[in-house]
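Okay, so here's the structure we're looking at.
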2 protein chains.
Amino acid sequence: MRPTVHDIAAAAGVSLATVDRVLNQRAGVRVVTREKVEQAIERIGYVRDVAAANLAKSRVYPLVFILPSGDNSFMRGLETQVRAAIGRSSAERTAISIVTVPAFNAEALVVALDEARAGSPAGVAVVAIDSPDVIAAVDRLRADHIPVVTLVSDLAGSKRDHFAGVDNIAAGRTAASLMGRFLGGRSGPVAVLAGSMLVRDHRERLDGFRTVMAEHFSGHALLPVIEGQDDPALVERLVGQALAASPEIAGIYSLGAGNRGLIAALKRRKSTAPVCVIAHELTQHTRAALNDGLIDVVLNQDAGHEVRSAIRVLKAKADGVAVIGAQERIRLDIFLKDNLPFEQDSNQMPAEGRQD
Amino acid sequence: MRPTVHDIAAAAGVSLATVDRVLNQRAGVRVVTREKVEQAIERIGYVRDVAAANLAKSRVYPLVFILPSGDNSFMRGLETQVRAAIGRSSAERTAISIVTVPAFNAEALVVALDEARAGSPAGVAVVAIDSPDVIAAVDRLRADHIPVVTLVSDLAGSKRDHFAGVDNIAAGRTAASLMGRFLGGRSGPVAVLAGSMLVRDHRERLDGFRTVMAEHFSGHALLPVIEGQDDPALVERLVGQALAASPEIAGIYSLGAGNRGLIAALKRRKSTAPVCVIAHELTQHTRAALNDGLIDVVLNQDAGHEVRSAIRVLKAKADGVAVIGAQERIRLDIFLKDNLPFEQDSNQMPAEGRQD
DNA sequence: GAAATTTTGATGTACGTAAATCAGAAAATG
DNA sequence: CATTTTCTGATTTACGTACATCAAAATTTC
């Protein structure tokens, strides 16, 4: 049987009330007594029964998730996952609210962050936009002792507690490595499709991609980055133009925004020369394109894992408990046609009511 | 506030004791009363607070993990992860014991399964060997209502409750797909290194690999499978011979046993012609070889995830609770040099005390 | 309709922790 | 030394569920 608070009291020769004061850092305990209790805790190897403690506290964690609006499939999948987490909230003792703000709009994000702060929640998860104002808004939350986790896209320079997302530099490097090797002997330039360079995740992917391409596959020139603003029609037109202008294009790397337009452009392409296409985020569109052979590789981050990880980390931070880095690392999924999971795509499909 | 047993009692117009009898399917409730209570439960949307229930029951789940002995790095990593789970056992209310049996030995495994059964645990997780005797032994456990989860290698035809491992056919297909594309224009045969064809996971990987190679990359002949029995010295010798006999070898696929011998043979190779090497399981050896460029791709299954998933499933089955397939799917990790996680390899590193 | 049986209610204890109250003891202050 | 302040102990209630006991009510059986 594992030791309980009663055992601490007995071991330390103090009363239960004093043990409670020490455990929950309440005032009114002399330093000597406190140390006596702490030594007893150490000695008998007491660990708080979190389930019982939560039961006694009947604690709930009000959390705010701030996500970009718009029709980006990945972001909507992310929202679906947050809603799934809301469905589990009674079991997980969370009270999650979702706030959506226009994509790529730093001012709106700052407003949302400040409004979240006004509600003094137990934690905030945010898909960050890289901007000094946003950093300042995040730091204001932290100044109020509200834990902040960045989701999908990080916010370097801020005091955020944790980042729940993949290593995007590694993702870009991996894309380049696969691209270079898939191209094999073939020659020809490589195009890159981006949404906006405002978000850090896309910038980092591009950095990683460029580095490895330059280092190992310098035979393939990189065409100027196509910025499609995640607008399907615009992307389709721009990609179509690029393909027409450089028919010898050997590969395309899509950083994650505008996959629908990209796929449309690929479908309309007339040339039959092979193009190696690597895209980010597994959605119904990229999944279908992968199956059809239009896309060769999809790099993915599991939205469900990210959301669940963010919640775990926020709760832990709110309780002042340590988080285990290895446990919370979000892995980069590499999908070929051959290892696609059978079920619907993982970003759209909520994991039904159950904790991680 | 979520409804409690008291709310059920009030809603159904019965006493707490009767609600308890219905909830815990105790005898002594008239059918009409039972239905009244069940309707009330349905109506107010009651869900049992598992944490409180476990607290009240002070339930523990005695689980048995049966693993192959020997010095296979992956299996030892798996054992490390089970030991890490043992470290979390007080928090997770488990009492896990580990049984090791000689690898590739069906009789020993049957004995171990029957001995586990004699202890009537709450569940058994086993790295299966494909054999009618083993299937029968697993089915004996199931006949005693003891949940069984196969780990890493499945046992088709048995009544096991769940398989905690990757889709090995997809893994083999993925390996072939990567192999074929990495080879690009190059020609030359491809060698396959296996441990023993007794275990289903290796057979499935080989099946998947062969299928895709024949389908899409028939230009590369497959050399006869090298069976190294996971013996480093033997593997090194056999692979060395194969490389010497067929200097034009373009690729090697290692199904997961004997990576150390393979790496040793690769190091001693004199020819500088490029060989594409794809291996299973990320260990300190394959990690180093990946970094050194000796291996091109490592396919991995996260042992930690597998163990934690097996425990969750066994507990759920023991409680008669449904498991969520999507949540428990073990993903195939594809590692290139570029997306290796920073920390020590994930199979060796226990995730410190914390639930999933 | 009385007796035997089954069903239900009322109540208490337990799980391990949190949190509060109040009295008493120890320490610091004058 | 008396007084105030600070610390500590004893005790109780609560969280939501499980489980046991005993009495009372309802039902079935003869």
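Sequence lines set the chain letters: A, B, ... in the order given, protein chains first and strands last, and positions in each chain run from 1. Keep in mind it's a predicted model, so treat the numbers as computed, not measured.
Heavy atoms of B:Asp20 sit under 4.0 angstrom from at least one base atom. Backbone-only engagement by A:Val14 is indicated by non-hydrogen atom pairs under 4.0 Å involving sugar-phosphate atoms exclusively.
Using a 4.0 Å cut-off between charged side-chain N and carboxylate O, A:Asp7 and A:Arg2 make no salt bridge. The pair B:Arg331-B:Asp302 does not count as a salt bridge, with every side-chain nitrogen at least 4.0 angstrom from each carboxylate oxygen. Salt bridge B:Asp154/B:Arg160: present, at least one basic N to carboxylate O contact under 4.0 Å. B:Lys57 has no carboxylate O lying under 4.0 Å from a charged side-chain N of B:Asp319, or vice versa, which leaves the two without a salt bridge. At a threshold of 4.0 Å, the pair A:Arg117-A:Asp114 counts as salt-bridged, since one of the basic side-chain nitrogens sits closer than that to a carboxylate oxygen.
Comparing D:dA10, D:dC19, D:dG16 against the side chain of B:Asn24 picks out D:dC19 as the nearest. You'll find that the side chain of B:Arg30 is closest to D:dT27, out of C:dA18, C:dG16, D:dT27. Distance from the side chain of B:Leu55 is smallest for C:dG16 among the nucleotides C:dA19, C:dG16, C:dT17. For B:Arg26, counting side-chain heavy atoms from C-beta on, the closest listed nucleotide (D:dA18, D:dT17, C:dA18) is D:dA18. Minimum atom distance to the side chain of A:Arg21 is reached by D:dA10, of the listed D:dT17, C:dG16, D:dA10.
The side chain of B:Arg48 places an N or O atom within less than 4.0 Å of a non-bridging phosphate oxygen (OP1 or OP2) of D:dA18. The phosphate of D:dG9 (OP1 or OP2) has a side-chain N or O of A:Thr18 nearer than 4.0 angstrom.
C:dT11 atom P lies 12 Å from atom NE2 of B:His6, rounded to whole Å. The interatomic distance linking B:Tyr46 (OH) with D:dA18 (C1') rounds to 10 Å, in whole Å. Computed from coordinates, the B:Arg93 CZ to C:dC15 P distance equals 12 Å when rounded to whole Å.
Mapping B:Ala17 and A:Ala27 onto DNA chain D by nearest heavy atom places A:Ala27 at the nucleotide closer to the 5' end. DNA chain D is contacted by both A:Leu16 and A:Val29; A:Val29 maps to the nucleotide lying nearer its 5′ end (nearest heavy atom per residue).
Not a single donor-acceptor contact under 3.5 angstrom links the side-chain atoms of A:Arg2 to the base of C:dG16.
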